[in-house]
Undergrad: 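Provided herewith is a single structure, encoded as structure tokens, for subsequent inquiry.
All chains are named by letter (A, B, ...) in the order of the sequence lines, taking the proteins before the strands, and each is independently numbered beginning at 1. Computed over heavy atoms, backbone and side chain alike; hydrogens, waters and symmetry mates excluded.
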2 protein chains.
Amino acid sequence: MNKKSELQVFREYLKKNRLRYTQEREKIIQEIFATHDHFDVDTLYLTMRRKGINISKASIYRLLPLLIDAGLIQDVFFEDGHMHYEHIYGHEHHCHIRCIECRKIEEFTDPRLNEIERDLAERFGFKILSHKLDVKGLCPECREKIRNMA
Amino acid sequence: MNKKSELQVFREYLKKNRLRYTQEREKIIQEIFATHDHFDVDTLYLTMRRKGINISKASIYRLLPLLIDAGLIQDVFFEDGHMHYEHIYGHEHHCHIRCIECRKIEEFTDPRLNEIERDLAERFGFKILSHKLDVKGLCPECREKIRNMA
DNA sequence: GTATCTGCAAACCCTTTGCAATAAG
DNA sequence: CTTATTGCAAAGGGTTTGCAGATAC
């Protein structure tokens, strides 16, 4: 049983909401899913431009809420004055550990987070929809660099 | 052994960095620590104004990085187009569970997060500086409200 | 006295939006 | 043919900054 492609999922989402599948949207989605990396609007825009794909930022900004609603991407954190996103369709849910020096990001999952979620649901009576654990620190390389400076 | 007040901590921070203790800064800090609540710049600014304390937003914006650096406050999440802060000095570290409907925020701590931190430090070689677990869902009241609508 | 801080207003930057032309279904 | 989408440029809204006067030390 093959997994549906991002584009298939998106087409179904559009049909259900009576929205339209355009060439611009297709190209943006292909670009987003072309790498595993996190992305932000400006970088995405410039990357496409460098490849000769000239789509306006407005179209990107207008597409993002649809992709989030369709479950294809999510915002991960706000930093340097703008939001950062990642695609989640086809990826196991994970959290991030980030180096504050070089900005490197590692991903991880931990079953204890699900236990915590369950306990929170019981304790506060919440229906839990999502969790995000964001850990910050210094990566091995940057620790070394800083150690040598001192 | 009495705990130092926020203002004392801040004065020491300023002295160490050759910065000045002004009436404006004192009033802003007093206002921030007057309640246990989270805050954002605009609300803080308007609250002070209503009390007849007219300090410019620029001064608030210029103070925040100092308070963060001094370990008195931290930013908690970016929402509705602006950053939200909380004071942390004198409070045990905690995480947040938020209702996406009514925006209610509950706080919690969980020792399993420290275990996760330790394991991450070992696994990735990071020196961990902070973690933020942000859980979103529906609070009991909003669940009920939504159930009744359906 | 000297360097920092303040308020103001302008600048900045990311994001959203109004509009007329274009394209999807 | 009807309605959604696009690109553009302008507007929006939070945050930062240059500057001249005020203030801490």
Undergrad: Just by modelled atom types, is the Val41(A) backbone N or O under 3.5 Å from a matching donor or acceptor in the His82(A) side chain?
TA: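 A pair under 3.5 Å: no.
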Undergrad: How long is the line joining CD of Glu79(A) and P of dG14(D), in whole Å?
TA: 21 Å
Undergrad: To the nearest Å, give me how far apart CZ (Arg11(B)) and C1' (dC25(D)) are.
TA: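 After rounding, the reported distance stands at 11 Å.
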Undergrad: Whole angstrom is fine here: how far is it from OH in Tyr85(B) over to P in dG14(D)?
TA: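 My rounded result for the distance is 13 Å.
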Undergrad: Using only modelled atom types and a 3.5 angstrom limit, is any donor from either the side chain of Arg62(B) or the base of dG7(C) paired with an acceptor on the other?
TA: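 Such a pair exists between side chain and base.
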Undergrad: Could you tell me how far apart Asn17(B) (CG) and dA3(C) (C1') are, to the nearest whole angstrom?
TA: 15 Å
Undergrad: Checking His87(B) side chain against Thr35(B) main chain: does a donor-acceptor pair fall under 3.5 Å?
TA: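 Side chain of His87(B) to backbone of Thr35(B), a donor-acceptor pair under 3.5 Å: yes, one is there.
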Undergrad: Is there side-chain contact between His36(B) and Glu107(B), with heavy atoms separated by less than 4.5 Å?
TA: yes
Undergrad: When you match Glu24(B) and Lys57(B) each to their closest nucleotide on DNA chain D, which lands nearer the 5' end?
TA: Lys57(B)
Undergrad: Kindly say if Ser56(B) contacts the phosphate of dC8(C), meaning a side-chain N or O under 4.0 Å from OP1 or OP2.
TA: no
Undergrad: Applying a 4.0 Å non-hydrogen cut-off, can you work out what Asn54(B) is touching in the nucleic acid: base, sugar-phosphate, or nothing?
TA: sugar-phosphate
Undergrad: Hey, does the side chain of Asn17(A) reach the backbone of Leu19(A) with a donor-acceptor pair shorter than 3.5 angstrom?
TA: no
Undergrad: Does Tyr61(B) make a side-chain N or O approach to OP1 or OP2 of dT15(D) shorter than 4.0 Å?
TA: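 So the side chain of Tyr61(B) is within the cut-off, an N or O lying under 4.0 Å from OP1 or OP2 of dT15(D).
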Undergrad: What is the distance from CG of Asp40(A) to C1' of dC14(C), rounded to the nearest Å?
TA: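 One finds 11 Å between C1' of dC14(C) and CG of Asp40(A), rounded.
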Undergrad: 5'-most contact on DNA chain C: Tyr21(A) or Arg18(B), nearest heavy atom basis?
TA: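 Its nearest nucleotide lies further toward 5', so the answer is Arg18(B).
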Undergrad: Rounded to whole angstrom units, what separation is found between the NZ atom of Lys27(A) and the P atom of dA23(C)?
TA: 12 Å
Undergrad: dT4(C), OP1 or OP2 - any side-chain N/O from Thr22(B) closer than 4.0 Å?
TA: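 Answer no for this pair, as no side-chain N or O of Thr22(B) is under 4.0 Å from OP1 or OP2.
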Undergrad: Glu26(B) CD to dT4(C) C1': how many Å, rounded?
TA: 17 Å
Undergrad: Decide salt bridge (charged side-chain N to carboxylate O under 4.0 Å, His left out) for Glu12(B) and Lys4(B); before the verdict, give the C-alpha distance in whole Å, the side-chain angles of both, and the deciding distance to 0.1 Å.
TA: CA-CA 10 Å; Glu12(B) 289 171 15; Lys4(B) 286 182 219 165; 3.3 Å; yes
Undergrad: Between dT6(C) atom P and Met48(B) atom CE, what is the distance in whole Å?
TA: 11 Å
Undergrad: Do any side-chain nitrogens or oxygens of Arg25(A) fall under 4.0 Å of OP1 or OP2 in dT5(D)?
TA: yes
Undergrad: Can you check whether any acceptor in the base of dT3(D) is under 3.5 Å from a donor in the side chain of Arg20(A), or vice versa?
TA: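 Result: at least one qualifying N/O pair found.
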